[in-house]
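Here is the structure we will look at.
Everything numeric in this text was worked out from a predicted model, so none of it was measured. Along the sequence shown, residues carry numbers from 1.
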Amino acid sequence: MADIKEDLGNHPQHLILAVEAPKSKAQVEEEEKEEEKEEKPEPSSRAKRVASLDIFRGLTVALMILVDDAGGEWPVIAHAPWNGCNLADFVMPFFLFIVGMAIALALKDNCYQQSDFENVKTSLLGPPFTRIVGACVLIVYMATLYGTYVPDWQYTVHNTDSAHFGEVLTVACNVRGKLDPPCNAVGYIDRKVLGINHVYQHPAWKRSKACTKNSPNEGPFRIDAPSWCWAPFEPEGILSSISSILSTIIGVHFGHVLVHMKGHSSRLRHWTIMGLGLLILGIILHFTDAVPLNKQLYTVSYACVTSGAAALVFSAFYVLVDIWNFKYLFLPLEWIGMNAMLVYVMAAEGIFAGFINGWYYDNPHNTLIYWIQKHVFIKVWHSTRIGILLYVIFAEILFWGIVAGLLHRFSIYWKL
C-alpha cells in the first residue's frame with residue numbers, strides 16, 4: 001500500500017509517493033499472531049469453580065457416608081429392598097448427574113458451539129448430540145429389558161446360615177418382560193455374561209416382604225420364602241449401567257445450560273421446568289404401575305425421579321450460594337466437594353477407620369473408634385440407633401469436612 005504525502009514547499013507543489021518495502025512471510029505471521037493476542041482476552045490463571053456444584057458434590061459424598069454407616073440401624077434410609085426409592089437410592093444418580101455437569105464445564109470450549117446450543121432456549125431436550133445419545137440408550141435399554149426371554153435357572157446356595165446350604169435350587173421363570181426380582185432381563189444378562197459366581201451375593205431383595213417378616217430390616221427368612229430369596233443379584237449390572245447413562249446425559253445438558261445461558265433467571269427457569277417435569281413423569285410412571293421405581297434395575301421412572309430431584313437440589317444450591325451468596329452456611333460441604341476423592345476413599349470406603357481399628361489393646365473392640373462410639377455417643381444418648389447416627393454425622397462427616405477444609409487452606413487436593 002502506498003501513502004500519499006503532500007509537499008508544502010515552493011510552487012509548483014510536488015506529490016511524493018512513499019512506498020513501503022514488501023514484508024517477509026515471517027513478519028506477516030508475527031503481526032497476525034499479535035492481532036490474535038489483542039483480540040483474545042487473557043485467560044485467568046485459575047479457572048473459577050462453581051461453588052454450588054462443589055457443595056452438591058459434598059452433599060452427595062456426605063449422604064453416601066450416612067447411608068453406608070448408619071443405614072444398618074436406620075433401614076428407612078438404606079436401599080429399598082426392590083421397588084421404591086429411599087435416601088440411599090439417590091446417591092448414585094446424584095453422582096452421575098454431577099459427573100455430567102462437570103464434563104460440560106471441563107469441555108465447554110470443545111463441545112457445542114453457541115450456534116448449536118440456541119435450540120436449548122426453546123427445547124427441553126437440549127443439543128442434538130445429547131438427544132441422539134439419550135434416545136439410543138433408552139431404545140437399547142427398553143428393548144432389552146422387555147424383549148429378552150428369561151428361562152428357568154439354577155444356583156447353589158453358598159450361605160452357611162441357610163438350611164439349604166449346598167443345595168442347588170431352581171427358579172421358575174420362562175417369561176419375557178417381567179420386572180420382578182427373579183425373572184428380569186437385568187439379572188439374566190449378568191448371570192450369562194459375568195457368571196453367577198461373580199454376581200453380588202447379598203442383594204437388597206433379601207429384606208423384601210416376600211423373604212422376611214422383618215422387612216425392611218434384615219431377619220430370618222420365612223418358611224414359605226420363594227427359592228430366589230437366597231439367590232445372588234448384581235444391583236449395578238450391565239444393563240442397569242447402560243440405563244444409568246441417562247442420568248449423566250441429563251447432567252451434561254444442565255452443565256451446557258450453565259455454560260451458554262448467561263442470565264440467572266433463564267438458567268433457573270430451564271432447570272426447574274425440566275427438573276419438575278422429570279420428577280412428575282417418574283412419579284406418574286411409578287404410581288400408574290407402568291414402570292416402577294427400581295434402583296437395581298435402573299428403570300426409566302427411577303432415572304426420571306432421581307435426575308429431577310438432582311436438578312431441583314442443585315438449583316436450590318445455585319440460588320442460595322451463587323445468587324444470594326450464602327456460601328458460608330455450607331463450607332464443610334464445599335470443602336468435601338473440592339476434595340471428594342480423598343473423603344470418599346478415607347471415609348466412605350472406611351480406609352481411615354480400618355487403619356485406626358488395626359490398633360487395639362487386648363481385643364479388637366478396644367480401639368479408639370469403638371471407644372468414641374460407645375462412650376461419647378451411645379452411652380450419652382442411651383440409644384444405639386441415635387448414637388450411631390450422631391457419630392456418623394459429627395465424627396465422620398463433619399470431621400472429614402474440617403480435614404478437607406484444612407487441606408483446601410494449603411491448596412492440597414486429591415485428583416485423578
(request) Locate the shortest heavy-atom distance separating Ile196 from Gln154; write the atom from each residue and the value. (result) CD1-O, 3.8 Å

(message) Apply side-chain contact (heavy atoms from CB on, under 4.5 Å) to residues Phe326 and Val319 and explain how you reach the verdict.
(response) CA-CA 9 Å; Phe326 291 157; Val319 171; over 6 Å; no

(message) Looking at Phe287, I'd like to know if its CZ atom is crowded, meaning that more than 12 non-hydrogen atoms belonging to other residues, nucleotides or ligands lie closer than 6.0 Å.
(response) no

(message) Please determine whether the number of non-hydrogen atoms from other residues, nucleotides or ligands lying under 6.0 Å from atom NE2 of His202 exceeds 12.
(response) no

(message) Between Trp153 (side chain only) and Pro182 (backbone N and O only), is there a donor and an acceptor less than 3.5 Å apart?
(response) yes

Let me check something: any side-chain donor-acceptor pairs from residues 132-142 under 3.5 Å, sequence neighbours excluded? List them with distances.
| from | atom 1 | to | atom 2 | distance (Å) |
| --- | --- | --- | --- | --- |
| Tyr141 | OH | Leu297 | O | 2.7 |
| Tyr141 | OH | Tyr298 | O | 3.3 |

(message) Using 0.5 Å steps for rounding, measure from the CD1 atom of Ile273 to the CG atom of Leu268.
(response) 10.5 Å

(message) Under a 3.5 Å distance rule, please check whether Trp74 uses its side chain to pair with a backbone N or O of Arg385 as donor and acceptor.
(response) yes

(message) Using 0.5 Å steps for rounding, measure from the SG atom of Cys304 to the CD1 atom of Ile284.
(response) 10.5 Å

(request) Check whether any side-chain N or O of Ser243 sits under 3.5 Å from a backbone N or O of Ser240 as a donor-acceptor pair, and report yes or no. (result) yes

(request) State the CG-CE distance between Leu279 and Met274, to the nearest 0.5 angstrom. (result) 12.5 Å

(message) Take a 6.0 Å sphere around OH of Tyr360 and say whether it holds more than 12 heavy atoms from other residues, nucleotides or ligands.
(response) no

(request) State, with a plain yes or no, whether a side-chain heavy atom of Val321 is found less than 4.5 Å away from one of Ile55. (result) yes

(request) Evaluate ring pair (Phe, Tyr, Trp, His ring centres under 6.0 Å) for Phe330 paired with Phe317, printing each intermediate quantity in order. (result) CA-CA 9 Å; Phe330 308 101; Phe317 279 135; 5.4 Å; yes

(message) Is the shortest side-chain heavy-atom distance between Ser227 and Thr170 below 4.5 Å?
(response) no

(request) For residues Tyr200 and Glu234, report the shortest heavy-atom separation together with the two atoms involved. (result) N-OE1, 3.4 Å

(message) Set out, in order, the CA-CA distance, both residues' side-chain angles and the distance that settles side-chain contact (heavy atoms from CB on, under 4.5 Å) for Leu368 and Trp359, then state yes or no.
(response) CA-CA 8 Å; Leu368 178 61; Trp359 302 82; over 6 Å; no

(request) Spell out, as yes or no, whether a donor-acceptor pair under 3.5 Å connects the side chain of Thr156 to the backbone of Gly166. (result) no

(request) Determine whether the aromatic ring centres of Trp230 and Phe221 lie less than 6.0 Å apart. (result) yes

(request) Give a yes or no answer on whether the side chain of Ser52 reaches the backbone of Asp322 with a donor-acceptor pair at less than 3.5 Å. (result) no

(request) Using a 4.5 Å cut-off on heavy atoms from C-beta on, say whether the side chain of Asn83 contacts that of Thr299. (result) no

(message) A side-chain contact here means heavy atoms from C-beta on lying under 4.5 Å apart; do Leu398 and Ile393 qualify?
(response) no

(message) I need the His286 NE2 to Asn294 CG distance, nearest 0.5 Å.
(response) 9.5 Å

(request) For Pro220 and Asn214, work out which heavy atoms get closest and say how close. (result) CD-ND2, 3.7 Å

(request) Test Trp371 against Asn366 for side-chain contact (heavy atoms from CB on, under 4.5 Å), laying out the working first. (result) CA-CA 7 Å; Trp371 188 91; Asn366 287 333; over 6 Å; no

(request) May I ask you to check whether His264 and Tyr318 place their ring centers less than 6.0 Å from one another? (result) yes

Give the table of side-chain donor-acceptor pairs shorter than 3.5 Å for residues 88-102, with sequence neighbours excluded, one pair per line with atom names and distance.
| from | atom 1 | to | atom 2 | distance (Å) |
| --- | --- | --- | --- | --- |
| Asp89 | OD1 | His79 | ND1 | 2.8 |
| Asp89 | OD2 | Ala80 | N | 3.1 |
| Asp89 | OD2 | Asn86 | N | 2.8 |

(request) May I ask you to check whether His253 and His270 place their ring centers less than 6.0 Å from one another? (result) yes

(message) Could you check whether any side-chain heavy atom of Arg191 comes within less than 4.5 Å of a side-chain heavy atom of Val150, counting everything from C-beta outward?
(response) yes

(message) Looking at Asn184 and Gly187, would you say the former's side chain and the latter's main chain have a donor-acceptor pair under 3.5 Å?
(response) yes

(request) For residues Ile388 and Gln373, determine if any side-chain heavy atom of one lies less than 4.5 Å from a side-chain heavy atom of the other. (result) yes

(request) Assign the ring pair His408 / Tyr413 to parallel, tilted or perpendicular, where the plane angle (0 to 90°) is split at 30° and 60°. (result) tilted

(message) Distance check, rounded to the nearest 0.5 Å: Ile77 atom CD1 versus Glu73 atom CD?
(response) 10.5 Å

(request) Please examine the side chains of Val305 and Ile283, heavy atoms only from C-beta on, and report whether any two atoms are closer than 4.5 Å. (result) yes

(message) Quick one: does any side-chain atom of Lys213 pair with a main-chain N or O of Ala210 as donor and acceptor, under 3.5 Å?
(response) no

(message) Measuring only between side-chain heavy atoms, which start at C-beta, is Cys211 closer than 4.5 Å to Trp228?
(response) yes

(message) Can you tell me how far apart CZ (Arg267) and CG (Leu258) are? Round to the nearest 0.5 Å.
(response) 4.5 Å

(message) On a heavy-atom basis, which atom in Ser315 and which in Trp271 lie closest, and how many Å separate them?
(response) OG-CB, 3.4 Å

(request) Report yes or no: does Gln201 contribute a side-chain atom to a donor-acceptor pair with the main-chain N or O of Val199 at less than 3.5 Å? (result) yes

(request) Might you point out which heavy atoms bring Pro181 and Trp205 nearest each other, and give the distance in Å? (result) O-CZ3, 3.2 Å

(message) Any side-chain to backbone donor/acceptor pair from Asn339 onto Trp414? Under 3.5 Å, distance only.
(response) yes

(message) Whether the side chain of Ser301 engages the backbone of Pro292 through a donor-acceptor N/O pair (distance < 3.5 Å, no angle test) should be reported.
(response) yes

(message) Ignoring hydrogens, what is the shortest heavy-atom contact between Arg176 and Tyr146? Give both atom names and the distance.
(response) CG-O, 3.6 Å

(request) Go through Glu236 and Lys295 one step at a time and tell me if the side-chain contact (heavy atoms from CB on, under 4.5 Å) criterion holds. (result) CA-CA 9 Å; Glu236 296 168 3; Lys295 188 264 179 189; 3.2 Å; yes

